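What follows is a single structure, written as structure tokens, with notes after it.
Please read these numbers as outputs of a predicted model, since none were measured by experiment. Because only heavy atoms are used, hydrogens play no part in the values below, and waters and symmetry mates are left out as well, while side chains stay in. In what follows, every chain begins at residue 1, and chains take the letters A, B, ... in the order their sequences are listed.
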Protein chains: 2
Amino acid sequence: MNAIICTVDVVLLTLQDEALHVALLQRDHPPFAGVLALPGGYVHADEDVDTGDAAMRMLREKTGIESPYLEQLATFSGRARDPRGWSISVAYYALVPWQVIATARHPELSLLAVDQVRALPFDHQQIIATAVRRVRDKSSYSSLPVYLCADRFTLPQLQSVYEAILGTPINKVSFRRKIDELDILEPVAGALETGKAHRPAQLYRVKKRFYRQLSLSDRALSSR
Amino acid sequence: MNAIICTVDVVLLTLQDEALHVALLQRDHPPFAGVLALPGGYVHADEDVDTGDAAMRMLREKTGIESPYLEQLATFSGRARDPRGWSISVAYYALVPWQVIATARHPELSLLAVDQVRALPFDHQQIIATAVRRVRDKSSYSSLPVYLCADRFTLPQLQSVYEAILGTPINKVSFRRKIDELDILEPVAGALETGKAHRPAQLYRVKKRFYRQLSLSDRALSSR
DNA sequence: ACAATAGTGTCTCTTAGACAATATCGA
DNA sequence: TCGATATTGTCTAAGAGACACTATTGT
């Protein structure tokens with residue numbers, strides 16, 4: 001019998017210079033050894049509780065990062081995608097602030113702007129495209145982008161994160177109304193973002209209750 | 001080495017008596033032989049191009065149905081869900097008009113209202129719950145429910161399908177405005193639904209171009 | 001004619017976006 | 001004080017829902 005290859009891949013996304021970037025690693029085993037690809041690997045039936053657990057392990061082992069947001073994306077499968085044979089890859093995606101990647105202890109980790117991703121091993125290009133589409137869709141009606149922010153941030157910063165992801169300017173008043181409705185942020189008492197030659201902005205943080213839970217809106221933020 | 005069990009399961013949904021129903025089959029092999037469960041089975045690496053192909057085959061072989069709408073739902077995995085060992089099930093969901101199931105040649109197929117699904121083998125209850133949530137979410141901003149309609153239907157019929165899925169009455173004027181914006185239906189010239197003791201309704205069909213493609217709206221139809 | 005539902009016009013209320021006024025910083 | 005951006009108030013326009021009026025059938 002021809003066993004099916006079971007793997008997980010993680011699309012680790014962050015925001016750098018106002019653009020979504022994906023984290024890639026040089027593969028250290030064949031096939032495609034030495035080539036940049038998504039962090040991923042075999043599911044270990046004796047070690048992983050499920051594929052979500054395997055994805056967390058992969059992220060931890062290969063990048064040293066623990067992401068509070070890690071969600072299943074989709075499963076990619078077939079005879080053609082892996083030269084070793086018929087394979088299944090359960091793909092996950094994670095969002096982390098840029099600082100988390102910058103301070104990660106794995107320096108061989110590369111960040112590539114998602115719009116500049118070209119040919120990659122397996123179907124990793126398609127997996128990344130799917131993840132980016134998912135993040136863009138979900139950002140338009142949820143608090144997903146806060147996972148790309150540091151633990152304290154200003155509303156103008158958060159707005160620019162949304163704008164970078166959605167690729168379109170957002171009305172300031174509407175944006176603040178939406179965020180206010182989501183009711184997931186709280187001002188950090190007395191904390192302002194100083195140093196700029198203008199009125200300082202209030203710093204906010206995500207309410208503890210929402211740290212690991214998305215908040216959804218029933219109406220989209222920006223309808224393109 | 002401990003090979004991982006790779007299966008697909010299909011959540012086949014339809015609308016009967018204004019309620020979403022799921023199609024279940026008696027299993028003819030262990031584990032859980034004789035018990036009602038989702039149509040599903042092993043991925044055949046030598047036969048299936050990918051898991052989507054496997055899901056189509058499963059639907060065809062086990063129910064005799066070919067569904068124009070078959071989408072990947074999510075992947076369920078782990079050590080505990082299958083007594084045979086660590087397993088991965090890539091779940092798909094399909095929507096078909098009730099008539100298609102009624103005329104399917106497999107009489108041992110059972111329809112169960114999704115709200116009355118109780119304990120099922122494996123994690124099939126959870127898979128069904130995920131599918132129902134997906135369908136409800138997606139119906140609120142897309143043309144998904146037309147896949148539950150026969151090839152010709154009236155707007156009041158379509159509205160009642162939406163209402164059954166969303167579980168809430170919808171404003172008639174708003175509904176028609178939305179459907180009109182989606183621009184996926186065309187009236188069948190001269191075809192009216194007669195026989196009722198009131199003004200007959202115009203029959204519509206899905207434009208060919210959209211027969212296999214969802215149409216999305218940027219605003220939700222009914223905000224709960 | 002009457003009951004019943006289809007189909008459509010229109011009013012109101014809610015929500016999104018435009019605009020602008022005020023606030024508060026560094027230079 | 002000036003320039004710059006934060007924050008907030010308010011007006012306007014677009015969209016959703018309520019209501020009601022007309023249309024057309026079977027009984």
Side-chain angles (χ1 to χ4, degrees), chain A residues 18 139-143 149-150 152-164 166-183 185-205 215-224, chain B residues 18 139-143 149-150 152-164 166-183 185-205 215-224:
Chain A
E18 315 266 288
S139 294
S140 71
Y141 63 91
S142 81
S143 58
C149 292
R152 293 173 178 214
F153 50 89
T154 68
L155 290 183
Q157 282 168 3
L158 181 60
Q159 178 168 353
S160 93
V161 171
Y162 270 89
E163 290 174 338
L166 298 177
T168 173
I170 302 174
N171 179 280
K172 183 171 49 168
V173 180
S174 304
F175 178 76
R176 282 162 182 256
R177 267 196 296 245
K178 277 290 178 205
I179 298 299
D180 190 56
E181 280 166 22
L182 289 178
D183 196 33
L185 302 185
E186 57 189 7
V188 182
L192 300 178
E193 183 206 36
T194 56
K196 304 280 183 62
H198 54 75
R199 175 173 173 178
Q202 174 67 50
L203 285 169
Y204 290 83
R205 68 174 155 237
S215 182
L216 304 177
S217 168
D218 49 344
R219 275 167 215 287
L221 229 157
S222 155
S223 36
R224 213 157 333 165
Chain B
E18 317 266 285
S139 294
S140 70
Y141 63 90
S142 82
S143 59
C149 291
R152 295 172 174 213
F153 50 87
T154 68
L155 290 182
Q157 281 168 3
L158 181 60
Q159 177 168 353
S160 94
V161 170
Y162 270 89
E163 289 173 339
L166 299 176
T168 171
I170 302 174
N171 180 279
K172 182 173 49 165
V173 180
S174 305
F175 177 77
R176 283 162 180 255
R177 267 194 299 244
K178 278 290 177 202
I179 298 298
D180 190 58
E181 280 167 21
L182 290 178
D183 195 32
L185 301 186
E186 57 189 7
V188 181
L192 300 178
E193 183 206 35
T194 55
K196 305 281 183 63
H198 55 76
R199 174 173 175 177
Q202 174 67 51
L203 285 168
Y204 290 83
R205 66 174 156 237
S215 182
L216 303 177
S217 168
D218 50 343
R219 278 168 212 288
L221 229 157
S222 155
S223 35
R224 212 160 337 158

Quiz item: Between A:Val161 and A:Cys149, which heavy-atom pair has the shortest distance, and what is it?
Solution: CG2-SG, 3.9 Å

Quiz item: Could you state the CD1-C1' distance from B:Ile179 to D:dG17, rounded to the nearest angstrom?
Solution: 16 Å

Quiz prompt | Pair listing, salt bridge (charged side-chain N to carboxylate O under 4.0 Å, His left out) test, anchored in residues 186-197 of chain A, at least two apart | solution = A:Glu186-A:Arg205, A:Glu193-A:Lys196

Quiz item: D:dA16 base to B:Asn171 side chain: any donor-acceptor pair below 3.5 Å?
Solution: no

Self-check item: Atom-pair distance (CG on A:Asp218; P on D:dG17), nearest Å
Solution: 11 Å

Practice problem: Whole angstrom is fine here: how far is it from OH in A:Tyr141 over to C1' in C:dT15? | Solution: 20 Å

Quiz item: What residues, two or more places apart in sequence or in another chain, satisfy side-chain hydrogen bond (donor to acceptor under 3.5 Å, both in side chains) together with A:Asp183?
Solution: A:Lys207

Self-check item: Residues that B:Phe175 engages under ring pair (Phe, Tyr, Trp, His ring centres under 6.0 Å), provided they are two or more places apart
Solution: B:Tyr162

Quiz item: Side-chain N or O of B:Thr194 less than 4.0 angstrom from OP1 or OP2 on D:dT25?
Solution: no

Quiz item: Taking only residues two or more places apart in sequence or in another chain, which ones pass side-chain hydrogen bond (donor to acceptor under 3.5 Å, both in side chains) with B:Ser217?
Solution: none

Practice problem: Report the distance from atom NZ of A:Lys196 to atom C1' of D:dA4, rounded to the nearest whole Å. | Solution: 11 Å

Practice problem: Measure the distance from CZ on A:Phe175 to C1' on D:dA6 and round it to the nearest whole Å. | Solution: 14 Å

Self-check item: Annotated protein contacts, base or backbone, on nucleotides 5-14 of chain C with a non-hydrogen cut-off under 4.0 Å, one of B, S, - each
Solution: BBBBBB----

Exercise. Applying salt bridge (charged side-chain N to carboxylate O under 4.0 Å, His left out), name anything that partners A:Glu163, two or more places apart in sequence or on another chain.
Key: none

Practice problem: Rounded off to whole Å, could you give me the CD1-to-P distance for the B:Ile170 and D:dA16 pair? | Solution: 13 Å

Quiz item: Once you round it to whole Å, what is the distance between C1' of C:dA16 and CD of A:Gln159?
Solution: 14 Å

Self-check item: Separation of atom CG in A:Asp180 from atom P in D:dT7, rounded to whole Å
Solution: 13 Å

